[in-house]
Protein chains: 2
Amino acid sequence: MSQTRPGKRERLVAAAAEMVYRQGVAPTTLAHIAEAADVPLGNVYYYFKTKEDIVGAVVQARAEQLEATLAELEARHRTPKTRLKALVDMLADRADETALYGCPYGTLATELSKRPDGTNPLATHLMGLLINWAERQFQQLVRRDARDLAIDLVAAYEGAAVLASTLAQPDLMARHSRRLRAWIDAQPGRPTA
Amino acid sequence: MSQTRPGKRERLVAAAAEMVYRQGVAPTTLAHIAEAADVPLGNVYYYFKTKEDIVGAVVQARAEQLEATLAELEARHRTPKTRLKALVDMLADRADETALYGCPYGTLATELSKRPDGTNPLATHLMGLLINWAERQFQQLVRRDARDLAIDLVAAYEGAAVLASTLAQPDLMARHSRRLRAWIDAQPGRPTA
DNA sequence: GTCTATAAAACGATAGAC
DNA sequence: GTCTATCGTTTTATAGAC
């Protein structure tokens, strides 16, 4: 049996996700996706009825990837603060890519929320994953304003990503991650773990 | 003489700017722009050679509008802190639109910086206007880290705008603007004015 | 399930009359 | 300067052979 590489559907979604991240939804054509995934153009329609279906699959893939990442952070670190700092570190590790294409979730969600159709729930869901996870961490610090703190944290990261990509300055992410780490450390509240 | 409404070029740029803000660059077609500006499609090419030229004009228009706004803020308020707070208030006043379409500068700059061509300088210029203006205000507070403070301020706003539009929550802007006002007030440094 | 060929539509851009 | 008609391309999507 030959080396089994990922199925075509998976290859298509992976290629689409990467291209959507780098150039945005609209400029990404089915032909380019098919070529990058090494799948004939006509065959794409066996797996996805329309382009919008592919975009939906891309969003879902990003969401699942984010969920998996957050779950792993939660398993690997035992206190809310170390988890939150690990998240910040992880995002800062992608500084170079972020300076080129922005936050993979933020830029996608921003584009989705500009759509006329009701694709917006997808955007809300995507950012909700990140915010809700952070909120749970702050709740474990017994903070009553956990939701607001979570939103502050995610907003700070998204803002840094916007500026890093707009100004093409990767180091901006490093400076902001230090700031966020210090902010997390300075948070009052006793861990319940 | 009949009521003179704005020239066709101005109408085209204004219509393009609005549509680009609401749906993004790529999905905005020349036909839609022409229709919204009440100009026949073929006539568009008398004023702009290519679609990219229109996008360039849109960015320039946004930049000029922002420069005018900042200049007015500077004229109307006499201390750096009141100017910065007036900026924050101004941005917060657009909360409803921001929750629908994001920051007019941030979303445009984000889209531009994803382009393959070197359209990126336009994005840098646009965000640079805001950052440089804020930096000058912090410099007047005799802060040596004026640049970093300016970036922090703008990043906080952009992050809030991303979340407000993604989650479709206008009130998120109000909360963040209060936070930013308090942060500005708490800044040390004596005004030189 | 797979792939080629092609239809159908949308879009950027131009020609040329007025 | 203005506008209609239309070209040429790109892109989404389908038909139909294998």
Side-chain angles (χ1 to χ4, degrees), chain A residues 1-59 108 111-112 114-119 122, chain B residues 1-61 108 111-112 114-119 122:
Chain A
M1 212 194 296
S2 70
Q3 266 283 62
T4 36
R5 59 173 175 173
K8 294 190 178 179
R9 204 196 131 94
E10 284 74 18
R11 294 212 307 274
L12 284 168
V13 174
E18 188 62 22
M19 300 191 67
V20 162
Y21 175 43
R22 297 200 188 183
Q23 32 173 287
V25 174
T28 296
T29 70
L30 294 174
H32 277 92
I33 296 173
E35 192 192 350
D38 197 27
V39 170
L41 176 57
N43 201 354
V44 170
Y45 289 91
Y46 175 75
Y47 298 96
F48 301 97
K49 248 196 261 300
T50 68
K51 183 184 175 181
E52 216 183 292
D53 283 355
I54 297 195
V55 174
V58 165
V59 177
L108 180 54
E111 210 172 348
L112 289 177
K114 289 219 179 202
R115 301 200 138 189
D117 21 318
T119 323
L122 290 177
Chain B
M1 211 196 297
S2 69
Q3 266 282 60
T4 36
R5 60 173 172 173
K8 293 190 179 179
R9 204 195 133 93
E10 284 76 16
R11 295 212 307 276
L12 284 169
V13 174
E18 187 63 20
M19 300 191 66
V20 161
Y21 176 42
R22 296 198 189 184
Q23 32 174 287
V25 174
T28 296
T29 71
L30 293 174
H32 277 92
I33 295 173
E35 192 192 350
D38 198 26
V39 169
L41 175 57
N43 201 355
V44 170
Y45 289 91
Y46 176 75
Y47 297 96
F48 302 96
K49 248 193 261 299
T50 67
K51 184 185 174 179
E52 215 183 292
D53 283 355
I54 298 194
V55 173
V58 165
V59 177
Q60 203 195 334
L108 180 54
E111 210 172 349
L112 290 177
K114 288 219 181 202
R115 298 200 143 192
D117 21 320
T119 322
L122 289 178

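Since we're looking at a predicted model, the values are computed, not measured. Each chain gets a letter, A, B and so on, in the order its sequence line appears, and its residues count up from 1.
- A distance of 11.0 Å separates CE of B:M19 from CD1 of B:I54, quoted to the nearest 0.5 Å.
- Note: B:T28 OG1 to B:Y21 OH = 13.5 Å, rounded to the nearest 0.5 Å.
- With rounding to whole Å, B:R9 atom CZ is found 13 Å from D:dT2 atom P.
- Within 4.0 Å of A:F48, counting heavy atoms only, lies no atom of the nucleic acid at all.
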Restricting both atoms to N or O, compile the protein contacts to nucleotides 13-15 of chain C shorter than 3.5 Å, with distance only.
from, atom 1, to, atom 2, distance (Å)
C:dA13, OP2, B:K51, N, 2.8
C:dA13, N7, B:Y45, OH, 3.2

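- No more than 12 heavy atoms of other residues, nucleotides or ligands lie within 6.0 Å of CD in B:Q60, so this atom counts as exposed by the packing criterion.
- One finds no side-chain N or O of B:Y46 lying less than 4.0 angstrom from the OP1 or OP2 phosphate oxygen of D:dT2.
- Residue B:K8 is the one, among A:P27 and B:K8, whose nearest nucleotide of DNA chain D lies closer to the 5' end (criterion: closest heavy atom).
- Between A:L12 atom CG and C:dC3 atom C1' the separation is 14 Å, expressed in whole Å.
- At distances below 3.5 Å, not a single donor-acceptor pair connects side-chain atoms of B:K8 with backbone N or O atoms of B:D38.
- Across the protein-nucleic acid pair, B:H32 atom NE2 and C:dA10 atom P stand 10 Å apart, rounded to whole Å.
- Scanning all heavy atoms of the two residues, the minimum distance from A:R11 to A:P6 falls at NH1-O, 3.1 Å.
- Heavy atoms of other residues, nucleotides or ligands lying less than 6.0 angstrom from CD of B:E35 number 12 at most.
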